[in-house]
Amino acid sequence: MIVLGLSGAVSHDASAALLVDGELVAAAEEERFIRDKHAKGRQPAEAALFCLRQAGIRPEQVDAVAYPYAPIGLGSPARWHYAARHWYAPDRALTALFAGNRRFTRNRRRALAMLGGLGFENAGARFVPVEHHLTHASSAYHLSGFDGKVAILGIDGRGEYATTFFGYGEAGRIHTLAEFYEPDSLGGLYGAITEYLGFEMLDGEFKVMGMAPYGDPERFDLSRLLRSDGRRLRVNNRLVNVVGLRRYKRAGKGYFFSPRLVDWLGPPREGDAIDEPYIHYAAAVQKLLEDTVLRLVETHLGPTLAQGGTLAYAGGVALNVKLNQRLMALPDVQRLFVQPAAGDAGTALGAATYVAAGAGDTVQPMRHAYLGPAYSTDECLAACAAHPSRPHYRRLDDTVTTAADILAAGNPLAWLQGRMEFGPRALGNRSILGNPSFPGVAERINAQIKYRERWRPFCPSVSDRVAADIIGTDHPAPYMTFTFDVAPQWKARIPEVVHEDGTARVQIVSADTNPRYHALLDAMAERTGNAVLLNTSLNRRGEPMVCSPRDALDMFFGCDLEYLIMEDVLVTKPGVGGEG
Ligand SMILES: [Fe+2]
């Protein structure tokens with residue numbers, strides 16, 4: 001069957017995915033097309049249109065539209081739990097009880113209006129709502145490729161009401177073992193502290209995690225932010241994940257932490273500096289998250305893991321790669337699959353796979369995340385010819401050689417090739433690359449594109465030929481969803497991509513899923529001895545990742561990068577590298 005999955009129901013990260021007879025053929029995030037990060041409040045119209053065009057499918061051919069947000073009945077504990085825990089904001093509590101599916105109704109109306117605009121009005125596709133956490137679960141389990149009994153974990157801010165999911169998959173079916181509900185949300189807690197530390201929720205969580213190794217997790221005891229006996233979870237919503245009058249307010253903006261938290265920890269952090277005491281708070285909240293999740297996983301998933309040894313994991317918190325490293329180290333976890341689009345964009349995949357599996361399709365494992373649009377060399381040339389900045393450009397005969405020469409000399413290189421990645425990580429198709437053994441290259445990238453805080457780590461893409469030597473394990477890692485301890489003999493060889501704590505968020509590149517990127521790593525090995533590249537996403541700070549050649553050129557001429565390669569086209573600026 002043909003299923004179109006949509007996301008965007010939680011008012012950010014709208015996306016679309018298309019599943020044809022169990023095979024994921026296209027997926028993309030709306031933000032990339034409309035050039036607005038997280039596409040807040042938007043429907044995935046452009047993304048859905050792209051998926052249909054990519055597969056050559058008309059709306060009449062689509063059997064079902066899967067939607068990652070569903071009505072929650074009063075028989076579920078979810079709405080009662082929410083009401084009881086929000087007694088201090090009676091309007092919210094009463095809404096949960098008496099109009100608890102108001103958001104669903106509004107979401108469905110918006111989605112149907114968007115579909116109407118795409119030609120679905122009388123096309124006959126069924127509209128199938130799926131509970132948000134089941135879609136996260138499905139995006140991990142059904143695409144993991146794991147057989148037998150698979151433990152499933154889902155942790156995010158919230159969906160309809162649920163915030164945390166423990167379950168297992170077997171024979172294509174997902175079973176729920178336990179769920180927690182808002183406000184008892186680890187994503188909500190971490191997000192609130194992210195705001196307190198001066199970052200924006202949805203993006204800043206990575207920064208808190210990056211800051212944590214600079215602090216001492218024992219310096220402050222943040223344990224009062226939650227209570228957990230290893231089975232249940234109660235977030236202290238006098239301090240974090242607060243709503244209504246409990247919110248800390250400044251300059252007309254309300255935050256997810258309370259004035260009481262400020263009384264306890266001091267004023268919220270401002271600016272870009274690494275400073276005390278905030279680095280210690282970051283370290284402490286990271287440790288609190290890790291310790292809490294590990295205990296909960298042991299309780300709820302321990303028996304399943306002891307049987308099967310496999311864990312499939314999604315939800316926004318699954319982007320916390322440090323926590324993932326600890327999950328992978330659990331004795332009963334032989335294999336961990338983290339859905340690369342673990343955040344809400346990935347619920348489009350999960351909704352589609354859930355509906356397809358429910359209808360009897362066998363969902364094929366995800367082989368790679370290159371699911372977006374591609375552009376030919378001719379299209380890249382045409383974009384150069386049409387661009388108002390009048391780029392210097394030329395067609396290359398041996399693109400990999402030219403790219404490796406530029407990189408080996410210590411230059412950062414903007415690199416666009418093949419189909420765009422789905423999910424928040426650039427995996428070598430929309431990337432800024434650097435030579436990680438060239439001292440100062442990370443700083444050069446930061447200087448040329450004024451991109452991010454200097455203490456955020458850059459990450460390596462490594463060839464599958466050397467990966468095991470660098471990370472000391474043969475565990476797959478194609479998506480940059482885990483950190484690994486870097487082997488001592490490699491730390492000095494690739495210093496630019498090793499974080500403060502000696503770890504690296506590695507992408508292992510194989511020739512069968514990305515031949516050209518793999519060949520570039522080989523070419524780097526010839527020049528530097530290391531089949532490793534520094535790889536960061538192709539975008540400027542605050543912007544979504546580049547999608548098209550036009551976007552790449554806009555970005556290139558809006559920063560100080562000197563080299564851009566798009567398919568077989570080299571673009572330079574006047575006076576750079578003698579090109580013209
Ligand atoms: Fe979610």
Side-chain angles (χ1 to χ4, degrees), residues 5-17 27 29-31 37-44 47 66-72 76 78 82 101 103-104 107-108 111 129-143 152-167 174 176 178-192 194 200-206 233 235 241 256 289 293 296 312-320 323-324 337-355 422-425 481:
L6 302 177
S7 79
V10 288
S11 75
H12 55 80
D13 293 315
S15 70
E29 285 123 307
E30 188 71 6
E31 62 164 25
K37 198 156 190 195
H38 296 300
K40 287 182 184 160
R42 301 291 291 262
Q43 294 293 319
Y67 196 69
Y69 204 89
I72 303 297
S76 155
Y82 184 94
N101 292 311
R103 283 175 69 178
F104 169 73
N107 281 335
R108 181 178 56 185
V130 184
E131 275 184 43
H132 187 81
H133 264 275
L134 287 175
T135 68
H136 277 310
S138 179
S139 77
Y141 166 61
H142 283 118
L143 294 168
I152 306 175
L153 175 63
I155 312 177
D156 69 357
R158 71 177 276 195
E160 300 89 354
Y161 294 93
T163 63
T164 317
F165 174 93
F166 303 94
I174 293 174
T176 304
E179 275 189 322
F180 303 149
Y181 306 109
E182 184 79 344
D184 298 312
S185 165
L186 290 164
L189 182 157
Y190 203 92
T194 295
E200 257 192 69
M201 228 186 234
L202 292 182
D203 278 317
E205 285 83 351
F206 299 119
L233 170 74
V235 164
N241 212 15
F256 285 91
L289 173 77
V293 169
L296 291 167
Y313 178 25
V317 174
L319 295 169
N320 192 302
L323 167 57
N324 297 353
F337 175 77
V338 172
Q339 164 54 241
D344 287 317
T347 59
L349 301 182
T353 50
Y354 190 88
V355 169
F422 185 65
R425 300 280 163 251
T481 43

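Order of listing sets the numbers, starting from 1, for every ligand and every atom in it.
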Student: Are K40 and D13 ion-paired here, with the side-chain N under 4.0 Å from a carboxylate O?
Tutor: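 No, this pair does not count.
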
Student: Does the plane of the ring in H133 sit parallel, tilted or perpendicular to the ring in F165? Use 30° and 60° as the thresholds.
Tutor: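 Rings of H133 and F165: parallel, as their planes differ by under 30°.
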
Student: Judged by atom type as modelled, is there a donor-acceptor pair below 3.5 Å linking the side chain of E29 to the main-chain atoms of G423?
Tutor: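 Yes, E29 side chain to G423 backbone: donor-acceptor pair under 3.5 Å.
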
Student: Does the cation-pi check pass for R425 over F206, that is, NZ or CZ under 6.0 Å from the six-membered ring centre and within 45° of its axis?
Tutor: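 Judged by the rule (NZ or CZ under 6.0 Å from the ring centre, within 45° of its axis), R425 counts as positioned above F206.
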
Student: Show the numbers, then the answer: is there a ring pair (Phe, Tyr, Trp, His ring centres under 6.0 Å) between Y161 and Y181?
Tutor: CA-CA 5 Å; Y161 294 93; Y181 306 109; 7.9 Å; no

Student: Which residues and atoms, protein N, O or S only, are under 2.8 Å from the Fe ion (ligand 1)?
Tutor: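 Checking every protein N, O and S atom gives H132 NE2, H136 NE2, D156 OD2, D344 OD1.
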
Student: Between S185 and T163 (side chain of the first, backbone of the second, donor and acceptor by atom type, cut-off under 3.5 Å), is there such a pair?
Tutor: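 Between the backbone of T163 and the side chain of S185 there is no qualifying donor-acceptor contact (under 3.5 Å).
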
